[in-house]
Amino acid sequence: MSDKLCGKKILSLVKKQDFYNLIVLDSVNSTNSYIKELAVSGTPHATTVIADSQTNGRGRLGRDFFSPCGTGIYMSILIDPTKIKLPASYLTIAAGVAVCRTLTDICDDSPSIKWVNDIFMHGKKVCGILAESVINSETNTPSYVIVGIGINVSTAAEIFPGKLNEIAGSVFPENITRNEIIAKLLDEFDNICANAEIENLVDEYKKYSLVLGKKISFTKNGKAFSGTAIDINLDGNLVVILEDGQEIILSSGEVSLRSSNFLN
Ligand code: BTN
């Protein structure tokens with residue numbers, strides 16, 4: 001089965017065929033960086049850039065995102081917040097839920113989300129999401145948001161360099177091409193963005209959560225804490241009860257779980 005990325009094929013599969021200005025590239029530094037340049041020159045809402053490989057794929061907290069050719073999906077969607085019903089601050093959650101719905105449909109195993117937005121399957125991180133906003137300095141609201149999604153589809157374990165292969169894995173779906181996966185994902189993301197029912201979205205996000213009810217550790221203002229993740233509130237923030245009973249609400253950053261907790 002050929003698994004070559006093809007914009008025409010993807011557009012023939014998505015429900016809203018006229019919605020996406022789809023750009024498919026063989027290789028690019030980072031689809032997020034590329035689309036940011038397009039945004040400056042006025043490319044429209046829902047422009048989507050997909051690359052077969054990235055030479056400088058970027059992750060959260062200044063990390064790299066390993067993006068070898070032929071075995072992953074590296075894509076960025078440009079969102080004009082005035083063109084969707086969902087508030088822009090929920091786009092990261094929306095992307096996480098869209099990926100999980102898609103993976104649930106196409107894989108035997110179930111995906112889980114490690115707050116904020118790392119997607120795990122069979123104990124390994126298989127997908128990362130990087131949402132970046134460009135803020136209008138006059139209104140202090142985002143002029144646009146770039147939602148970058150990287151999925152390891154069929155990257156073999158030995159291909160991940162160094163220690164990365166202890167953490168990263170692939171989804172290995174059967175009998176489905178990357179074009180078909182991308183089309184499903186765009187449809188799911190589009191459906192979520194067209195809806196403003198935040199409570200339902202956060203509830204669905206919580207169902208996929210890998211951290212709720214688990215012992216976690218994290219740092220805040222340079223200080224290390226550990227506690228139990230008890231809730232994700234309506235703003236998408238993680239509510240943690242520390243060992244001394246104090247409640248902390250995390251709106252950003254990263255939490256760690258014991259390695260045995262990564263298996264659902
Ligand atoms: C993370 O794991 O911290 C987030 C990874 C996000 C990777 C995707 S791949 C497509 C888009 N382009 C990038 O440079 N990064 C995102």
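Note that ligands are numbered from 1 as they come in the structure, with each ligand's atoms numbered from 1 the same way.
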Q.
Within the structure, is a non-hydrogen atom of Q54 found at a distance of less than 4.0 Å from ligand 1?
A. yes
Q: Measure N117 to ligand 1 on non-hydrogen atoms and call it side chain, backbone, both or neither using the 4.0 Å cut-off.
A: neither
Q: Would you check whether N56 has a nitrogen or oxygen atom less than 3.5 angstrom from a nitrogen or oxygen atom of ligand 1?
A: no
Q) Which residue holds the protein heavy atom closest to atom 10 (C) of ligand 1, what is that atom called, and what is the gap in Å? A) T31 OG1, 3.2 Å
Q. Quick one: nearest non-hydrogen protein atom to atom 8 (C) of ligand 1, plus distance?
A. G150 N, 3.6 Å
**Q.** Pairs involving residues 166-181, ordered by first then second residue, that meet side-chain hydrogen bond (donor to acceptor under 3.5 Å, both in side chains) (sequence neighbours left out)
**A.** D3-R178, D52-R178, T177-E180
Q. In the protein, which heavy atom is nearest to atom 5 (C) of ligand 1, and how far is it?
A. F65 CD1, 3.4 Å
Q.
So, regarding Y74 and ligand 1 (criterion: nitrogen or oxygen to nitrogen or oxygen, under 3.5 Å), is there a contact or not?
A. no
**Q.** Nearest candidate to atom 6 (C) of ligand 1, where distance is taken over non-hydrogen atoms, out of R58, K125, E254
**A.** R58
Q: Answer with side chain, backbone, both or neither: which part of L61 has a heavy atom less than 4.0 angstrom from an atom of ligand 1?
A: neither
Q) Which of parallel (below 30°), tilted (30 to 60°) and perpendicular (above 60°) describes F218 and F225? A) parallel
(Q) Determine whether T31 and S76 satisfy the following criterion, side chain to side chain donor-acceptor pair (under 3.5 Å), listing intermediate values before the conclusion. (A) CA-CA 6 Å; T31 54; S76 301; 2.7 Å; yes
Q.
One residue to check: S67. Relative to ligand 1, which of side chain, backbone, both or neither has a non-hydrogen atom less than 4.0 Å away?
A. neither
Q) Does D80 have any salt bridge (charged side-chain N to carboxylate O under 4.0 Å, His left out) partners at least two apart in sequence or in another chain, and if so, which? A) K83
